[in-house]
2 protein chains.
Amino acid sequence: MLSQKTKYALKALLYLAQQDANHISKTTDIAEEANIPKKFLEQILLDLKRGHLVGSKQGKFGGYYLLKSGNDITLADIHRLFDGAIALLPCASLNFYERCSDCKDEDECLLRHGLTAIRDETLKAMQGITIASLVKK
Amino acid sequence: MLSQKTKYALKALLYLAQQDANHISKTTDIAEEANIPKKFLEQILLDLKRGHLVGSKQGKFGGYYLLKSGNDITLADIHRLFDGAIALLPCASLNFYERCSDCKDEDECLLRHGLTAIRDETLKAMQGITIASLVKK
DNA sequence: CTAAAGCCTACTAATTTTATAGAATTAATT
DNA sequence: AATTAATTCTATAAAATTAGTAGGCTTTAG
């Protein structure tokens with residue numbers, strides 16, 4: 001399951017994607033429209049900024065806007081930014097690889113292979129879902 | 001990502017699937033072979049029993065054994081038993097449906113549809129992985 | 001100078017996860 | 001009947017994660 005944070009991030013991105021080009025959205029407006037606690041959303045938008053998915057303008061009349069086209073922001077990107085690995089085990093992850101602490105011999109592990117296959121399929125599916133595709137509904 | 005509990009459950013089931021027919025395995029043996037804390041494994045095996053995936057024999061020379069063929073135990077089953085929903089949001093779940101607390105109107109939600117599609121694909125993939133398929137490697 | 005916005009850090013409360021402990025129960029063997 | 005070795009059950013605890021809050025700082029338009 002997605003964390004609240006990831007869900008909120010998706011909702012915020014959907015909001016931004018539905019605005020006119022060059023429109024800048026205030027945190028307050030996104031929070032109200034998408035029903036997200038404002039202070040929590042602030043942090044999420046900052047994370048999205050650090051992830052180079054949105055840009056911001058500071059000061060009065062500032063706010064946030066999409067940096068990339070909605071077609072170029074996939075569910076996989078957002079999942080990785082907030083919830084981390086897409087694979088079911090760290091040892092099967094491309095971007096967040098780690099050994100399992102309890103694993104005696106990774107090459108002999110019966111789980112890894114199957115879970116790597118799952119990762120490939122899930123990843124492909126997640127890369128097929130973009131902010132733009134969600135807006136189109 | 002899978003929880004430790006789910007991973008341990010998978011490892012325990014793999015162990016059981018590799019034993020001779022009618023063999024009964026002690027918790028201690030599974031724990032040692034699969035590198036799982038014994039007391040934690042006890043609880044997991046009980047959960048597997050309550051989930052009707054394994055059977056047990058009590059008393060001296062007791063232990064656990066698979067109730068179903070390894071072909072009939074899928075990754076989806078185990079995920080649902082320990083980690084719950086396979087869908088990314090509760091509102092997109094078949095077996096663990098719940099409304100999102102922050103959702104204004106579920107029918108209008110842009111997220112649900114895409115996430116339902118993901119669930120279908122992930123579920124299909126997870127149902128394709130069985131204990132038997134993992135053992136075959 | 002002021003108002004209104006984003007930026008940043010720290011903290012907190014609740015929940016979940018990952019175990020551990022110990023007693024009760026069951027069953028085979030002596 | 002006693003012993004031994006196993007599962008079963010309930011409670012507890014420590015650690016990590018999640019979700020959210022608080023408050024001050026910085027930036028920019030007017």
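A, B, ... follow the sequence lines: proteins, then strands. Residue 1 opens every chain.
If you walk DNA chain D from 5' to 3' and mark each nucleotide with an atom closer than 4.0 Å to a heavy atom of chain B, the marks span D/dT4 to D/dA11.
Residue pairs meeting the salt bridge (charged side-chain N to carboxylate O under 4.0 Å, His left out) criterion with at least one partner in residues 24-35 of chain A, sequence neighbours excluded, do not occur; the list is empty.
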Annotated protein contacts, base or backbone, on nucleotides 6-15 of chain C with a non-hydrogen cut-off under 4.0 Å, one of B, S, - each: SBBBB-----
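Between the CD atom of B/Q4 and the P atom of C/dT16 there is a distance of 18 Å, given to the nearest Å. The distance between atom CZ of B/F82 and atom C1' of C/dA19, rounded to the nearest whole Å, is 15 Å. For B/L2 and C/dT16, the CG to P distance is 18 Å, given to the nearest whole Å. Remark: C1' of C/dT2 and NZ of A/K60 are 8 Å apart, rounded to the nearest angstrom. As rounded to whole Å, 14 Å separates atom C1' of C/dA5 from atom NE2 of A/H23.
Annotation: side chain of B/M126 is not in contact with side chain of B/T74 (no heavy-atom distance under 4.5 Å). Counting heavy atoms from C-beta outward, A/L66 and A/L53 have side chains that stay 4.5 Å or more apart.
Between A/E121 and A/K124 there is no salt bridge, since no side-chain nitrogen of the basic residue lies less than 4.0 Å from a carboxylate oxygen of the acidic one. A salt bridge links B/D102 to A/K11: at least one charged side-chain nitrogen sits closer than 4.0 Å to a carboxylate oxygen.
Comparing the start and finish of the helix from C/dC1-D/dG30 to C/dT30-D/dA1, five pairs each, the helix axis swings through 0°, to the nearest 10 degrees.
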Verdict with supporting geometry, A/L115 and B/L134, side-chain contact (heavy atoms from CB on, under 4.5 Å): CA-CA 9 Å; A/L115 295 187; B/L134 290 171; 5.8 Å; no
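Base contact: B/F40 has a heavy atom under 4.0 Å from a base atom.
Checked by atom type and distance alone, the side chain of A/N35 never pairs as donor or acceptor with a backbone atom of B/C103 at under 3.5 Å.
A side-chain donor from one of A/K7 and A/Q4 sits under 3.5 Å from a side-chain acceptor of the other. A/N71 and A/T130 are not linked by any side-chain donor-acceptor pair at a separation below 3.5 angstrom, with hydrogens and angles left out of the test.
A/F40 pairs by the ring-ring contact (aromatic ring centres under 6.0 Å, His included) definition with A/Y8, not counting sequence neighbours.
Grouped by direct or indirect side-chain proximity (heavy atoms under 4.5 Å, Ile/Leu/Val/Met/Phe/Trp/Tyr only), B/I24 sits with B/Y65, B/L67.
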